[in-house]
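Report on one structure; see the data block that follows.
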Amino acid sequence: MIHIKDNIFHLNTQNTSYIFAVTEHGDLQHLYYGDKISEQTDYNAFFEKRSMLLVSALYPENDIAYGIDAMQFEYSAFGGGDRRENACTINCGEALCTFTFVGYTLLSQPPARPDFAQAHSGDGCLCVLLRDEHTETELRLYYQHFEKCDVITRYAEIKANKNAVGVDSLMSMQLDLPMGKYKCITFDGAWARERFKHEQKLTAGKFVCDSQSGASGAWHNPFVMLAEKNADNFSGESYGFNLIYSGNHREVFEVSPYGGIRVLSGISPKGFRFNLLKNDTFFTPEAVLTYSKNGYNGVSHNMHDFVKRNILPKQWAFKQKPVLLNSWESVYFDITEEKLCELADRAAEIGAEMLVIDDGWFGKRNDDTSSLGDWQENREKFPGGIKSVTDYVHKKGLKLGIWVEPEMISRKSNLFELHPDWALGSENGRKILGRSQYILDLSRSEIQDFLIKTVCSVIKESGADYVKWDFNRMFSDFTSVETPIYEVQHSYICGLYRILSEITSKNPNVLFELCASGGARFDLGMLCFMPIGWVSDNTDVLSRALIQEGTSYGYPISVMCNHISAVPNHQTKRITTLEARSGVASFGVLGLQYDLTKLPKEELNYLKYCIAEYKRMRLFITDGCFYRLTDGFEENFTAWQLVSADKNTSYVILFQKLFFPVSQLPKLKLFGLSSDVAYTVDITGLKVSGEVLMKHGLLPLQNYQGNEQSINGHSLTDFSAVFYQLKALEEEK
């Protein structure tokens, strides 16, 4: 609900309130974001009281108590006297624009923004209009509230009315909070170790998380958190922020000299500038904000609910995803029709539901040096065409998926010979090669049209039920033959969104998986079109536990594609138990990356068992509630819990990083159960009330048999896992 009185704006969700006001000088002052407050409150308590100017601060004429440097602004423009990091820099040539309040409008839904990824409409939209009095340039701030998810989204629009203006930066949101002891939490890494969680104590100065790769990137994910210093998974005031965007982003945490905290999120201003002519407009991506007083898990639950309800394509959001076998680590580029049919036979035997043909099926693609752009099947490898494999797979009761990397073009390709100017890079031939490929210039409409037609043709001719969309190299060239250099990267992302919107709308029954050199573009923008994503190329179970756990802070496990792979692992050479590998992979969308034709019968039978167990578990993955019971591998263990929506079923997994003889497994306090219901615990056979499990904890069955340690057949070795299933007793439901 949006409540407005005396130019005070009060947005309420189910459990939170967001409040700001217009000051006597026409600025927007942020007053409060936190636990829900009644709309009947006395707002006077929220305004800072000053009798004099803070040292060195600026102030309007004759108002010495109005300190611009210390004010909690709602959206601050560079050039107005606020010397902190600003939300926007708008240049009209002779001066910098500053903005004051004009009015507001309540909208039933936000304005259409062509080629943008955006959330579904919320429960109401507030538009606040500000204007620069000298140039008449208009700034509109949009707020949507999503009541059940406890989420507010924000974005901005700039319009040049009288003068042409240059947009040097325009962030999606700014949040100013009063003095406090906070830490910021970011999710960082690189290829094969994406989204590891990192905490930083906030002290004087700025902490910046950003991407300059042309994608949201593996180095720093756009999801970040702010929390009071003692917050953890279950307690403490915590804020979560994300951006519905797949390009260069920037998140800033700044502690002012007076102790206040400023958080900014939006497009990175580095290498960015848009020149607007009279009557032109520019929108920012949509920022997502949430708050919880119940720690990190509280923030995660809000974000998970929001993503499932308001980001994912509606036809896929709560639909169970198929268990698949991917061909990559089975055969790599040595791919043939015969080998794929053999893999399909084994996949069907163990209960898999889809075969995905990965890289190597097209052009002259026998390694990664050629053929991107030539999306025609290789008839030497597939004499009957991909469709013959599809027909064979369908007769087996399986679906078929196919890998594509449409945004790229190989130097050795027919497409590059025909259209060398389609690759990003300068006209005089300075094009930087990466992985033997260039990036297509998606800022150009004719290239967008080509990709829409080409990918739709691949889907139609192959009969594919599933598309894995990859993006394997980051930007190095920002030069286009048509688009101004500082507009290329953002225009590229808008072009990509247009392509994805057209292709997915033309193929609503095809399931799309996002991939980008592993998980380098795992963001809300891509999830608007593709409801699941490849989390990382690293399938090692220890690495995956940390990667998936880090990812879970901002994204639901129902969007994470996780594969059981062979050992020694192809990335780390680590050898781990099949129990541990299947356990980690089961908390998400399960897949396999194996040459099943070379596995012994015993291992095939165990995989068949794992898949059957997963199919029972996946009933709860899309609409269940996920908890992190620990924080990483503190004290050698980490644990996760999944609880069904009706609270009658729960799955718990406990990971042990290193084995120590005669050691104790930890007690696990569970969450989300019904206090007055008794649950059976499958491994121990005990019947325990939900109240005891949540207040006292689950006691693992201990076994002290030295190097022969096991629990009901679950071996305890270096990096191992124990899986528990809890079921509510029928008579007590």
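Defined by atom type and a distance below 3.5 Å, a donor-acceptor pair is present between the side-chain atoms of Arg154 and Tyr18. With hydrogens and angles left out, the side-chain atoms of Glu74 and His30 include a donor and acceptor closer than 3.5 Å. No side-chain donor-acceptor contact under 3.5 Å links Ser300 and Asn297. Remark: the Gln144 side chain and the Glu286 side chain contain an N/O donor-acceptor pair separated by less than 3.5 Å. Looking only at atom types and distance, the side chain of Ser491 has no donor-acceptor partner in the side chain of Ser443 under 3.5 Å away. No side-chain donor from either of Asp27 and Gln29 sits under 3.5 Å from a side-chain acceptor of the other. Defined by atom type and a distance below 3.5 Å, a donor-acceptor pair is missing between the side-chain atoms of His249 and Ser216. With hydrogens and angles left out, the side-chain atoms of Asn275 and Arg273 include a donor and acceptor closer than 3.5 Å. Checking Glu228 against Tyr182 by side-chain atom types alone, no donor-acceptor pair falls below 3.5 Å. Side-chain contact, Ser246 with Tyr497: a donor N or O sits under 3.5 Å from an acceptor N or O. Looking at Arg195 and Thr551, their side chains do bring a donor and an acceptor atom within 3.5 Å of each other. In summary, the side chains of Glu407 and Tyr492 do present a donor paired with an acceptor at a separation below 3.5 Å, with no hydrogens or angles considered. Remark: the Tyr296 side chain and the His301 side chain contain no N/O donor-acceptor pair separated by less than 3.5 Å. For Asp150 and Thr13, the side-chain atoms include at least one donor-acceptor pair closer than 3.5 Å. Side-chain contact annotation: Ser265 with Ser172, donor-acceptor N/O pair under 3.5 Å absent.
Side chain of Thr638 to backbone of Gly632: a donor-acceptor contact under 3.5 angstrom is found. A donor-acceptor pair under 3.5 Å links the side-chain atoms of Ser211 to the main chain of Ala215, judged by distance alone. Between the Asp176 side chain and the Phe73 main chain, a donor and an acceptor come within less than 3.5 Å of each other.
Looking at Asp623 and Arg309, no side-chain N of the basic residue comes within less than 4.0 Å of a carboxylate O on the acidic one, giving no salt bridge. Salt bridge Lys183/Glu199: present, at least one basic N to carboxylate O contact under 4.0 Å. Using a cut-off of 4.0 Å between Lys/Arg side-chain N and Asp/Glu carboxylate O, Lys293 and Asp35 are scored as salt-bridged. Salt-bridge formation is not detected for the pair Arg131/Glu133: no Lys NZ or Arg NE/NH1/NH2 atom is positioned less than 4.0 Å from an Asp or Glu carboxylate oxygen. A salt bridge links Glu138 and Arg140; the closest N-O separation between the charged side-chain nitrogens and carboxylate oxygens is under 4.0 Å. Between Lys278 and Glu136 no salt bridge is recorded (no basic side-chain N to carboxylate O distance below 4.0 Å). Salt bridge annotation for Lys197-Asp188: absent, with no cationic side-chain nitrogen under 4.0 angstrom from a carboxylate oxygen.
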Begin with the C-alpha distance, continue with both residues' side-chain angles, and end with the deciding distance and a verdict on salt bridge (Lys or Arg N to Asp or Glu O under 4.0 Å) for Glu85 and Arg250. CA-CA 12 Å; Glu85 188 91 3; Arg250 179 178 171 91; 2.8 Å; yes
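Figure legend: cation-pi geometry between Arg628 and Tyr553, with NZ or CZ positioned under 6.0 Å from the six-membered ring centre and within 45° of its axis.
For Phe187 and Phe196, the distance between ring centers is not under 6.0 angstrom. Here Tyr155 and Phe282 keep their ring centres 6.0 angstrom or further from each other. When ring centroids are compared, His304 and Tyr555 stay outside the 6.0 Å threshold.
Atom CG of Asn242 is separated from atom OG1 of Thr290 by 11.0 Å, given to the nearest 0.5 angstrom. Taking CG of Asp132 as the reference point, atom CG of Leu139 lies at 10.0 Å (rounded to 0.5 Å). To the nearest 0.5 angstrom, Phe241 atom CZ is 4.5 Å from Met173 atom CE.
Around atom NZ of Lys36, more than 12 heavy atoms belonging to other residues, nucleotides or ligands sit under 6.0 Å away. Surrounding OH of Tyr104 are at most 12 heavy atoms belonging to other residues, nucleotides or ligands under 6.0 Å away.
Phe101 places none of its side-chain heavy atoms less than 4.5 Å from the side chain of His25.
Tested against Cys97 for a side-chain contact (heavy atoms from CB on, under 4.5 Å), the candidates Thr137, Asn163, Val167, Ile158 yield a single pass: Thr137.
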